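Both counts, for ligands and for their atoms, begin at 1 and track the order of listing. Because the structure is a prediction, the values reported are computed rather than measured.
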Amino acid sequence: MATCRKLTKQLMKELLDSIDTILLDCDGVLWHSNIAVPGAAETINKLRSMMYTCHFSFLQGKQPIFVTNNSTKSRLQYQEKFTKMGFIVSKDEIFGTAYCAALYLKHKLNFTGKVYLMGMSGLEEEMKLHGIDYIGTGPDNVEGQILDHRADNVVLDPDVNGVVVGFDQYFSFMKLLKAASYLKRPNSVFIGTNIDQQFPMRNSELIMPGTGSLVRPVEVASNRTATTLGKPSKFMFECIQEKFDVNPERTIMIGDRLNTDILLGKNCGLKTLAVLTGVTSEEEILGYQGSEKEKERELVPDLYIESIGHLGKLLD
Ligand SMILES: O=C(O)COP(=O)(O)O
Ligand SMILES: [Mg+2]
């Protein structure tokens, strides 16, 4: 049976001696929208500054690296958000799916051409920074009964040879129609930034549809499957390994979503810790631990704790 333990003071010392790098999910771990989880900045700043004897036997702090499936912000926009919230951070430590989507297009696909971009300013900024031409952002709605006028007045851009679907608050039927039409083109590229079902919300009455709720309709309409880059895909970890000398055995992934954060950790051979401030609960974790379904057992983290702030208290 997959065993999961609640992180305690005793286990904390053992954990700190066994890791050099801490991968941290953002939404639901460090904050909800623009409201920080209590103690988050203090904990991360402390982990960075506390000197530990590492396995090279010299003193160093733990290296935090931020890994978010959220595609709404560029690295620079995230650096601004982190700094406003009191985190000490460099943009080079931030890996979001807007940045990783641009890296994938540019360096993995050597993409040239134009992208139909369903996303917000973060994706726009990263596309510009990486020299990738795009159209389609912002509101785009149907006028009148589209099935009556057979969409004759829909104009497609002849140069588009790829579609990127990220979180797009302007998602519409018209955009769905255009994306599916562009994906009809032979050899057109289809990328989804991530497939999270919902965003973690403080207001438990609300469901904020995640980007997965936007990628899947484009897949259905186009009858194609997107290449999704966010956690649990290993691609984001590959982007991190390009920039940091990360030893998977001495790295932990801390997240709030089992089927993205914890699964990424498992996929990459990392230690895993879940917090209960986002989409997962203690009941879900313990339920999965005893599940007969292999698919559920593989989502069980090594450790869990109420919040990143509670973890920080174990450092005192
Ligand atoms: O964008 C999302 O849906 C979740 O983002 P996260 O990976 O920071 O939790
Ligand atoms: Mg999260």
For atom 8 (O) of ligand 1, the protein heavy atom that lies nearest, with its residue and separation: T68 OG1, 2.6 Å

Protein contact of atom 6 (P) of ligand 1 - nearest heavy atom, named by residue and atom, plus distance: D25 OD1, 2.8 Å

For atom 5 (O) of ligand 1, the protein heavy atom that lies nearest, with its residue and separation: D27 OD2, 3.1 Å

Under-4.0 Å heavy-atom contact with ligand 1, by part of N69 that carries it: both

Hydrophobic cluster membership, F95 vs M120, 4.5 Å side-chain cutoff: no

Common cluster, F244/F66, ILVMFWY with side-chain heavy-atom separation under 4.5 Å: no

Atom of D25 nearest the Mg ion (ligand 2) (restricted to N/O/S, atom name only): OD2

Non-hydrogen side-chain atoms of F190 and V165 separated by less than 4.5 Å: yes

Side-chain donor-acceptor contact under 3.5 Å, D302 with T272: yes

Part of V29 with heavy atoms under 4.0 Å of ligand 1, whether side chain, backbone, both or neither: neither

Charged tip of R75 within 45° of Y99 ring normal and under 6.0 Å: yes

For atom 2 (C) of ligand 1, closest protein heavy-atom neighbour: F199 CE2, 3.6 Å

Closest approach to the Mg ion (ligand 2) by D27, given as the N, O or S atom name: O

Closest candidate by heavy atom, reference atom 4 (C) of ligand 1, pool L264, D256, D196: D196

Contact check, side chains of L311 and I254, non-hydrogen atoms, under 4.5 Å: yes

N/O donor-acceptor pair under 3.5 Å between T43 side chain and I308 backbone: yes

salt_bridge(R250, D20) N-O dist < 4.0 Å: yes

Element-labelled atoms of ligand 1 that are located less than 4.0 Å from some non-hydrogen atom of C26: 8 (O)

Min N/O separation N70 to ligand 1 under 3.5 Å: yes

Student check: side-chain heavy atoms of K271 and L303 closer than 4.5 Å: no

D256 near the Mg ion (ligand 2): N/O/S under 2.8 Å: yes

Region of R257 that comes within reach of ligand 1 [heavy atoms, distance under 4.0 Å]: neither

